[in-house]
Amino acid sequence: MAYDHQEIEKKAQEKWTGLNLYETDLKDETKEPYYLLFEFPYPSGDLHIGHWYAYAITDIYARMLRMRGKNVLFPIGFDAFGLPAENAAMRNGADPAAWTRANIERMKTQIRSMGTSVDWSKEVITCDPSYYQWTQWLFVKLFEHKLAEHREAAVKWCPKDQTVLANEQVVDGCCERCGTEVEEKRLTQWFLKITDYAERLLTGLDALPWREEIKEAQRAWIGKSEGAYLKFPIAGRDEKIKVFTTRPDTVFGATYVVLAPEHPLVAPLLESVSNTREVQDYVSATTKKTERERSEHKEKTGVKLEGISALNPATKEEVPVYLADYVLASYGTGAVMAVPAHDERDFEFAQKFNLPIQKVIEGTTEQLPYIGAGVLINSGEFDGKNSDGAKGNIVTFAGGERTTQYRIRDWLISRQRYWGCPIPVVYDPEGKPHTVPAEHLPWLLPTDVDFKPTGKAPLASSRELGERVTRIFGEGWTPEYDTLDTFVDSSWYFFRYLDSRDAHDFSDVALMKKWLPIDRYSGGSEHTTMHLLYARFFTKALYDLALVPIDEPFTERFNRGLIMGPDGQKMSKSKGNVVNPDEFVKEYGADAVRMYLAFIGPYNEPGSYPWNLDGVTAIRKFLERISHLAEQPTHLEEKPPSGLAQALAKASVKVTEDGDRFKFNTGVAALMILVNEFEAAESVPKAALIDLLIMLAPFAPHLAEHLWEQLGGEGSVHQQSWPVFAKTLVTEIEVVVQVNGKRRGSVLLAPEASEADAVQAARAVSTVASALSGNEPSRVIYVTGKILNFVV
RNA sequence: GGGCAUGUGGCGGAAUUGGUAUACGCGUACGUCUCAGAAGCGUAUCCCGUAAGGGUUGAGGGUUCGAGUCCCUCCAUGCCCACCA
């Protein structure tokens, strides 16, 4: 009775390969293009349930769109550089390249087993020289346009992974990957100038139809704040302390100035202070602290620069100068004016160090610090003015300038690791960096390296790389030993899909014009402030370099929910609640697993759904019922479809609309309702059954193919057109009758029935009449085809 | 501490976006088939009530003929940011 899913799957998959169904002709002019993208996987070697969720759902939509006449680009590739391959190499001496290849092969088999319709012919693998050649080429372009920079800066260093990290890869002061507390180091490294694009990355969000929470997260990450630079001259010296403030309106209340311990003025001032030793001790103590220790909201610490004072540019009064680590060196100017009456941090510091607190804004509460706006007091000629409105004039009065600051930092892309794209740079004998000329690209990753982490980049141990540089560039020239952050590889892969085999260019202009921007991009929420921001930056930068025709890459973005363990907890090996999809595929079939994932909940909401074994068996039973329907010859009479036509039309509209919203849970429900009606019907016409199979095909592609063949269908069910029904002539519609907003019954009316007809019919209903109990309604609300409400 | 989102049965969730709350499915109970079990099939399943009827979308208030949906206050949960001046 039960269908043999393993046999059906094998046969169907072979048939699709034979028909070459899923290789998209990018140059086809007869159909409307649709670019459907999911985040390409890292080849960890095993397909977990999250991958299934991501690929099954997008595959359902890809199949649906093809049947609806679209030319769908649905590509796949592998984000194949990264730490795990290197760790495997260190652990058991594996070759990272071979390890990665083997994992890719294994995952390919698994992805094929799902019955996905991805186009393998356009596959990209980021660790393949034919791909990274263009990553390097793009890096060179960015360098030539001064968007890639080699400079010294304070960087985050992970002592366990022995590499620097991008700001985005530090979470709560710890390495995002391994959880080790991050240290701060000053190193000369490569940066991409994402800060040049901060404003455009921000304003570009406005027009995107993304969920507000994704846009808000990016806005928070970019962190725009408008304010002013003000200068506090140092008494008796030439230097001035430049501060950034968002509250220039409070400058009359600035009773001291604070420098970050790393501030460049600290060294020159040191000779003039009377407590040199104390200051030096403070600086070395704070620089030794980890990132996390410094950001803990403990009691404020600091030290006064004895003998130094600065001039408040508004009051012209001398104020003391402090060093404190609550001021960040890397934001603004690394120095702040402290207004303890109107800032919580300054207030706390002033209390501890007994500094004067000068109130300059009359607030709504007496309590200090008062953070809000209000009426200015103790502010000279500005007394009595509104603090917000006076900002601009106060900046002018104090000799400052208005400015805008962003929280986002430049993207640090150097990694002291082996398994990454080599940075195509060499240094001349003076140590000046030069990009590797195009004819030497791909700049190959050497293989003769020592993987043991020493704090130095593994590439430094390669003899071949050193000899290569000497041979090409001459004696005294040295290679760059760092590799690129893997997020660089994944910032442009969607351009490459359009022309993945091109040896002469990174993509194809005509095809980019035709296919971009990407219509819908599905992925994980963890990439909101990393991959998604980087990819947007890359696109804008390449647009400015006239290399790509678009300046926003992704029209729609859907972050998927999370599949939890059966216990409702996040899946983890230690909890023992990890669901292995392979077992379910073996037991219940790929179709059942796909369709269950579609049914589990709305895909485009950030929910989390517990995996439920009974849910999979339920879907399998549902598929059995369809199979049973198709195998019942007595049901297949060619009679007029009667009431089933309306049911089919309803289901078709629902499945189509819900598909467009990525709400496949209700789409599956619509199919279930349809099947319930089929089973209740005396007979099911073959044509109706075929329409059901076509609608089933995206969800359960193998079974639909099998039953299609059984019913004598030509070709593949996946080549059929999606059923579209003319609006069947509806003769009667149920209108709900309410009295005072409460349901008291319903009447069947013609769809366009007049109010008078509706009222007449409604009053004849006994439950309505008794609810009215003889009273005349004072008001009647009638919404055609929906509701009739009597107000008494 | 700040921002954003979300709260609907025992569970996953639905509600044409202001118009029949609880679709679809899981689970559960009873029945049917069976020597028996499994599977299948059928019926019931938000709460109170024999019924008529009444109540119910985290809590309270408001707007409206009508609120799960809009507004205000509060509570809870999740995510993001966090000494960013």
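Note that this is a predicted model, so its numbers are computed, not measured. First the proteins, then the strands, lettered A, B, ... as listed; each starts at 1.
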Pairwise N/O distances under 3.5 Å, protein to nucleotides 66-69 of chain B:
none

Polar atom pairs (N or O), protein with nucleotides 62-64 of chain B, under 3.5 Å:
none

My understanding is that a pair needs two contacts under 3.5 Å, Watson-Crick or G-U wobble. By that rule, which nucleotide pairs with A36(B)? none

Listed nucleotide nearest any side-chain atom of Ala669(A), set A23(B), U20(B), C4(B): A23(B)

Counting only heavy atoms and a strict 4.0 angstrom limit, can you tell me which residues of residues 245-252 of chain A come near RNA chain B? Thr245(A), Thr246(A), Arg247(A)

Roughly, in whole Å, what's the span from CZ in Phe664(A) to C1' in A23(B)? 19 Å

Partner nucleotide, any strand, of C30(B) [Watson-Crick/G-U, under 3.5 Å]: G42(B)

I'd like to check Thr250(A) versus Ser387(A) (side-chain heavy atoms, cut-off strictly below 4.5 Å). Are they in contact? no

Using a strict heavy-atom distance below 4.0 Å, which residues from residues 525-533 of chain A are in contact with RNA chain B? none

Would you indicate which nucleotide in C81(B), C24(B), G27(B) comes nearest to any side-chain atom of Arg407(A)? C81(B)

Enumerate the residue pairs fulfilling side chain to side chain donor-acceptor pair (under 3.5 Å) with a member in residues 778-792 of chain A, sequence neighbours excluded, ordered by first and then second residue. none

Determine: side-chain N/O of Asn676(A) to OP1/OP2 of A23(B), distance under 4.0 Å, yes or no. no

Listed in order of residue number, which residues of residues 327-338 of chain A have a non-hydrogen atom at under 4.0 Å from RNA chain B? Val327(A), Leu328(A), Tyr331(A), Val336(A)

For U45(B) versus U34(B), give the span between their P atoms, rounded off to a whole number of Å. 28 Å

Under the ring-ring contact (aromatic ring centres under 6.0 Å, His included) rule, collect the residues that match up with Phe353(A), sequence neighbours excluded. Tyr322(A), Phe349(A)

Does a side-chain N or O from Lys570(A) land closer than 4.0 Å to OP1 or OP2 of C79(B), or not? no

Tell me the interatomic distance from Leu671(A), atom CG, to C24(B), atom C1', rounded to whole angstroms. 11 Å

Just to verify, what does Arg560(A) make a salt bridge (Lys or Arg N to Asp or Glu O under 4.0 Å) with, not counting sequence neighbours? none

Taking for each residue the nucleotide of RNA chain B bearing the nearest heavy atom, is the 5' side occupied by Arg744(A) or by Val736(A)? Val736(A)

Stacked cation flag Arg407(A) on Trp221(A), 6.0 angstrom / 45 deg: yes

Expressed as a whole number of angstroms, how long is the span from Ile408(A):CD1 to C81(B):C1'? 13 Å

Output every pair passing salt bridge (charged side-chain N to carboxylate O under 4.0 Å, His left out) with a member in residues 212-221 of chain A, not counting sequence neighbours, ordered by first then second residue. Asp206(A)-Arg219(A), Arg211(A)-Glu213(A), Glu212(A)-Arg219(A), Glu216(A)-Arg219(A)

To the nearest angstrom, the NZ-C1' distance between Lys742(A) and A21(B) comes to 13 Å

Salt bridge (Lys or Arg N to Asp or Glu O under 4.0 Å) involving Lys650(A) - partner list, sequence neighbours excluded: none

Of all the choices, A23(B), C81(B), G19(B), which nucleotide is nearest to the side chain of Ile781(A) once you look at every atom? G19(B)

Asp325(A) side chain, from C-beta outward: closest of G19(B), U20(B), C83(B): C83(B)

Arg620(A) to Tyr596(A), cation-pi by 6.0 Å centre distance and 45° axis angle: no

Tabulate atom names and distances for all N/O pairs under 3.5 angstrom spanning the protein and nucleotides 6-13 of chain B.
unit_1: G12(B); atom_1: O2'; unit_2: Ile600(A); atom_2: O; d: 2.6
unit_1: G13(B); atom_1: O3'; unit_2: Asn665(A); atom_2: ND2; d: 3.3

Does C65(B) pair with anything, Watson-Crick or G-U wobble, both distances under 3.5 Å, and if so, with which nucleotide? G19(B)

When Ala217(A) and Asp343(A) are each assigned the nearest nucleotide of RNA chain B, the 5'-most assignment goes to Ala217(A)

With sequence neighbours left out, the residues meeting side chain to side chain donor-acceptor pair (under 3.5 Å) with Trp210(A) are none

